[in-house]
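Have a look at the structure below before the remarks.
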2 protein chains.
Amino acid sequence: MKKTILVFSALIIALLILFRLSRYSYLSNDISVELTIGSIAVIFFFVGIYINKRTLHKEKLPHTQIDHKKIEQLGISKREYEVLVHISKGLSNKEIADTLFVSESTIKTHVSNLLVKLDAQRRTQAIKKAKELRILAI
Amino acid sequence: MKKTILVFSALIIALLILFRLSRYSYLSNDISVELTIGSIAVIFFFVGIYINKRTLHKEKLPHTQIDHKKIEQLGISKREYEVLVHISKGLSNKEIADTLFVSESTIKTHVSNLLVKLDAQRRTQAIKKAKELRILAI
DNA sequence: ACAAATTTGGTACTTTAGTATGAGCCTGTA
DNA sequence: TACAGGCTCATACTAAAGTACCAAATTTGT
């Protein structure tokens, strides 16, 4: 936030300076008009890049949108998805069963269904596929 | 690549057009000089943002620097790391053995050593930890 | 060349994972 | 209310995964 304000302030100041500069070049009427315009273009080009980099950095890292539509498309139920999340955390079936207060048999059933729905042969493969499909945060 | 070239071509063309435009405003000597400069600034500002977005998108996703120092620190050997990469791809021990042209026993040994070095109880946990430690691309 | 580390592989087990099948319980809805 | 879908759980397997221990062949650094 602070940086954005600072950058915009700098942007406005630069704009004002360039206005002054343009007046001089206008009075001296030679190729410096083209030069001025060129430098303005280059400066604002890089200003754009800089600002974009600032904003993207703060958004891209925590921003890993989960494709809820995809989850629905694959027919993965709420509970199955919960299990999938726990699998990706590296938990065993027994551990997942304990955290969700159900039996290990239940988890096995969920896992088995998940593997079919994700077209995976192993839980590790399920993790990889789920991340590729953007249904799990990478 | 193609898009970058296309964008840069458009940029050059825009630059040329603005040069023509600036000549007119210079002849009619009024506030249109400021207007022209303003529009140039705005246009190139957004061009900068656009190009940055293009390049960042293609670099940021596969760009996840691997901490080679960490791998060394953990005492993970070259071959063990290879196995780790294959594990994260969702391959079974047998499949890894086949792709690396060694026996399944060998892979089991490597995996066992990896689990100790990564302080993991399961291969899924090893994947998670390895990604957290930045020794595997997320 | 020698020691140290790495890689390879085997046997013998134990533990997880995963499959197949069947069944009871709830809940939203036609 | 009947029925589908989702959640639960069990049994009985089969298949992987992982452990422990040992040992030989290779590679690497000094």
Side-chain angles (χ1 to χ4, degrees), chain A residues 66-133 135-136, chain B residues 66-133 135-136:
Chain A
I66 283 158
D67 194 344
H68 297 283
K69 276 168 258 165
K70 201 81 173 190
I71 297 171
E72 218 180 332
Q73 276 173 28
L74 294 170
I76 294 172
S77 73
K78 210 163 186 170
R79 201 57 158 173
E80 283 165 357
Y81 185 71
E82 272 189 277
V83 172
L84 179 58
V85 170
H86 283 101
I87 287 175
S88 76
K89 288 180 180 171
L91 300 184
S92 69
N93 288 338
K94 187 78 195 68
E95 286 171 341
I96 298 171
D98 289 345
T99 58
L100 296 182
F101 302 107
V102 291
S103 81
E104 197 186 339
S105 299
T106 306
I107 302 301
K108 282 191 178 187
T109 306
H110 288 322
V111 172
S112 228
N113 291 332
L114 271 170
L115 295 181
V116 172
K117 289 172 183 177
L118 285 168
D119 188 31
Q121 277 71 58
R122 281 164 288 287
R123 50 169 62 207
T124 48
Q125 204 180 349
I127 293 170
K128 199 206 159 207
K129 286 206 173 189
K131 291 189 176 186
E132 282 173 354
L133 291 167
I135 66 176
L136 269 184
Chain B
I66 283 157
D67 194 344
H68 295 283
K69 276 168 258 165
K70 201 84 175 186
I71 297 171
E72 217 180 333
Q73 276 172 28
L74 294 170
I76 294 171
S77 73
K78 211 164 186 170
R79 201 59 158 172
E80 284 166 355
Y81 184 71
E82 271 190 278
V83 172
L84 179 59
V85 170
H86 283 101
I87 287 175
S88 76
K89 288 180 180 171
L91 300 185
S92 68
N93 289 336
K94 187 77 194 67
E95 287 170 341
I96 298 170
D98 290 345
T99 58
L100 297 182
F101 302 107
V102 290
S103 81
E104 197 186 340
S105 299
T106 306
I107 302 301
K108 282 192 178 186
T109 307
H110 289 321
V111 172
S112 230
N113 291 331
L114 271 170
L115 294 182
V116 172
K117 289 171 184 177
L118 285 168
D119 188 30
Q121 276 71 57
R122 281 163 289 286
R123 51 170 60 209
T124 48
Q125 204 180 349
I127 294 170
K128 200 208 160 207
K129 286 206 174 189
K131 291 187 176 185
E132 282 173 354
L133 291 167
I135 65 176
L136 269 184

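Side chains included, hydrogens not; waters and symmetry mates left out as well; all remaining heavy atoms used. Please read these numbers as outputs of a predicted model, since none were measured by experiment. Protein chains get the first letters and strands the later ones, always in sequence-line order, with residue 1 at the start of each.
- Scored by the side chain to side chain contact (heavy atoms under 4.5 Å, CB included) test, A/E132 finds A/K128 as partners (sequence neighbours excluded).
- Formation of a donor-acceptor pair under 3.5 Å by the A/K117 side chain with backbone atoms of A/G75 is found in this model.
- Here CG of B/L91 is found 10.5 Å from CD of A/Q121. Values are rounded to the nearest 0.5 Å.
- Within residues 105-125 of chain B, the residues approached by DNA chain D to less than 4.0 Å at the level of any non-hydrogen atom are B/K108, B/V111, B/S112, B/L115, B/R122, B/R123, in residue-number order.
- Between the CG atom in A/D67 and the CD atom in A/Q73 there is a gap of 7.0 Å [rounded to 0.5 Å].
- Evaluation of the side chain to side chain donor-acceptor pair (under 3.5 Å) rule for B/T106 yields B/S103 as partners, not counting sequence neighbours.
- The nearest pair of heavy atoms linking A/G90 to B/T124 is CA-OG1, 3.5 Å.
- Looking at residues two or more places apart in sequence or on another chain, you find a side chain to side chain contact (heavy atoms under 4.5 Å, CB included) between A/K131 and A/I127, A/L136, A/I138, B/K131.
- A/E95 is linked by a side chain to side chain donor-acceptor pair (under 3.5 Å) to B/R122, counting only residues two or more places apart in sequence or in another chain.
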Per-pair distances, 0.1 Å, donor-acceptor, side chain in residues 107-115 of chain A, under 3.5 Å, sequence neighbours excluded:
{"from": "A/T109", "atom 1": "OG1", "to": "A/S105", "atom 2": "O", "distance (Å)": "3.0"}
{"from": "A/N113", "atom 1": "ND2", "to": "A/T109", "atom 2": "O", "distance (Å)": "3.2"}

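- Rounded to a whole Å, the NZ atom of A/K94 is 11 Å from the P atom of D/dC9.
- The distance from atom CD1 of B/I76 to atom CG of B/L118, rounded to the nearest 0.5 Å, is 4.5 Å.
- When DNA chain C is scanned 5' to 3' for any atom under 4.0 Å from a heavy atom of chain A, the first and last hits are C/dA17 to C/dT19.
- For B/D98, the side chain to side chain contact (heavy atoms under 4.5 Å, CB included) criterion is met by B/K94, not counting sequence neighbours.
- Of the residues in residues 72-92 of chain B, B/S92 come within less than 4.0 Å of DNA chain D through at least one heavy atom, sorted by number.
- For the atom pair B/K70 NZ and B/I135 CD1, the distance stands at 9.0 Å (nearest 0.5 Å).
- In this structure, the side chain to side chain contact (heavy atoms under 4.5 Å, CB included) partners of A/E82, at least two apart in sequence or on a different chain, are A/R79, A/L100.
- At the phosphate of D/dA16, neither OP1 nor OP2 sits under 4.0 Å from any side-chain N or O atom of B/N93.
- Terminal axes of the helix from C/dA1-D/dT30 to C/dA30-D/dT1 (five pairs each, C1' rotation axis) are separated by 60°, to the nearest 10°.
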